[in-house]
Number of protein chains: 2
Amino acid sequence: MRRPSARVNAALAALDRAELRKTPQRIAVVHALVDDTSHPTAQQIFDRLRRQMPTMSFATVYNTLAALERAGVCRSLRLSHDDSARFDPMVEPHDHAVCDRCGRVLDVPRARERAEIQEFRVRAVERVYRGECQQCQSIGGS
Amino acid sequence: MRRPSARVNAALAALDRAELRKTPQRIAVVHALVDDTSHPTAQQIFDRLRRQMPTMSFATVYNTLAALERAGVCRSLRLSHDDSARFDPMVEPHDHAVCDRCGRVLDVPRARERAEIQEFRVRAVERVYRGECQQCQSIGGS
DNA sequence: ATGATGGTTTAGAATCATTCTTGGTTACAA
DNA sequence: TTGTAACCAAGAATGATTCTAAACCATCAT
């Protein structure tokens, strides 16, 4: 346990705001996730944590990651058809580049244009718009 | 069985090109999928086909959809975290709009800009670049 | 301290989508 | 016809994720 990074502190503050207790398990997940840019899966985070905290349950990792996502600490991504969910501690809007061959996932800041992604040879772009369809708008509600 | 649409014929021709037999099961899947813009799941396609072809197996639907994707007849999409794969018979490059509330998936032609998607209130955009990372490029190969 | 309360964790079972296996069937070639 | 390879049905197996039940633990009032 080294000195807490700014990201760790921000994540713990978000736990407070979401009225979630700062349990040892949750703090451990925050530490494992928050400075990791490799977009790890729940399994990978579990494997790491298990070493330091052998009683940690797999379900706790899943539950905690879901709680952290609701608290705005991370986002989950489903980037390939055969892969499990990946978790991204960068919550500011940005895009992703996925390598067809090794599966590596890179963060792509919004500022960059497609052609400018350094060192990545782009084969295709997929865009997903999230929002409300006409029917659901007309129904109204939250 | 009504008169075959242009899309059906194109799909069957693609089966030929891929050297896949035009079996009754595959033809049925092609008919069920090819003019459907609702982005159905394998389960939905299976449910429909089962009525006309009660011996159809679920695994056959999966295998056939995978074969059709390899043959370039459709594409599979994984658009939400809790949902199963959806199949899209439109293979020309285009994007998708996903309703947060009802899950409906709409096709968005590339020509349109984000703000121009008719009748859809956009909350967020996600972009995924597919290609090759630097490391895999330097390794070379196919 | 004691006990009640409610959120949390654990371990394992359950669920769900997807893939695999096995054995039988079909199409086509020799 | 016989052989061969592709194909299919049915159900088992796999793997990710979620659920359940019981135990745990902090907090608060007695």
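Keep in mind it's a predicted model, so treat the numbers as computed, not measured.
Looking at every heavy atom in both residues, A/Gln43 comes nearest to A/Phe58 through OE1-CZ, 3.4 Å.
Atom CZ of A/Arg70 is separated from atom P of D/dT18 by 10 Å (rounded to the nearest Å). To the nearest angstrom, P of D/dA16 lies 13 Å from CZ of A/Phe46. Separating the CZ atom of A/Arg86 from the P atom of D/dT17 is a distance of 11 Å, rounded to the nearest angstrom. Rounding to whole angstrom units, OH of residue A/Tyr62 and P of D/dT20 are separated by 18 Å. Protein atom CD of A/Glu69 is 12 Å distant from nucleotide atom P of D/dT17, rounded to whole Å. Straight-line distance from the CD1 atom of A/Ile27 to the C1' atom of D/dA26: 14 Å, rounded to whole Å. Separating the NZ atom of B/Lys22 from the C1' atom of C/dT26 is a distance of 16 Å, rounded to the nearest angstrom.
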Using the 3.5 Å cut-off, write out each protein N or O paired with an N or O of nucleotides 5-13 of chain C and the distance between them.
from: C/dG7; atom 1: O4'; to: A/Arg21; atom 2: NH2; distance (Å): 3.3
from: C/dT8; atom 1: OP1; to: A/Arg21; atom 2: N; distance (Å): 3.3
from: C/dT8; atom 1: OP1; to: A/Arg26; atom 2: NH1; distance (Å): 2.6
from: C/dT8; atom 1: OP1; to: A/Arg26; atom 2: NH2; distance (Å): 3.4
from: C/dT9; atom 1: OP1; to: A/Thr23; atom 2: OG1; distance (Å): 2.5
from: C/dT9; atom 1: OP1; to: A/Gln25; atom 2: OE1; distance (Å): 3.4
from: C/dT9; atom 1: O3'; to: A/Gln25; atom 2: NE2; distance (Å): 2.9
from: C/dT10; atom 1: OP1; to: A/Gln25; atom 2: NE2; distance (Å): 3.3
from: C/dT10; atom 1: OP1; to: A/Thr55; atom 2: O; distance (Å): 3.1
from: C/dT10; atom 1: OP1; to: A/Thr55; atom 2: OG1; distance (Å): 3.2
from: C/dT10; atom 1: OP2; to: A/Ser57; atom 2: N; distance (Å): 3.0
from: C/dT10; atom 1: OP2; to: A/Thr60; atom 2: OG1; distance (Å): 2.7
from: C/dT10; atom 1: O5'; to: A/Thr55; atom 2: O; distance (Å): 3.1
from: C/dA11; atom 1: OP2; to: A/Thr55; atom 2: O; distance (Å): 3.3
from: C/dA11; atom 1: N7; to: A/Ser57; atom 2: OG; distance (Å): 3.4

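Distance alone, capped at 3.5 Å, is enough to place a donor-acceptor pair between the A/Arg86 side chain and the A/His39 backbone. A donor-acceptor pair under 3.5 Å is formed between the side chain of A/Arg101 and the backbone N or O of B/Cys136. Side-chain N or O atoms of B/His94 include none that pairs as donor or acceptor with a backbone N or O of B/Arg110 at under 3.5 Å.
With A/Val29 as the fixed residue, the side chain to side chain contact (heavy atoms under 4.5 Å, CB included) test singles out one of A/Leu49, A/Thr23, A/Val34, A/Val73: A/Leu49.
Counting only residues at least two apart or on different chains, the side chain to side chain donor-acceptor pair (under 3.5 Å) pairs with a member in residues 52-71 of chain A are A/Glu69-A/Ser76.
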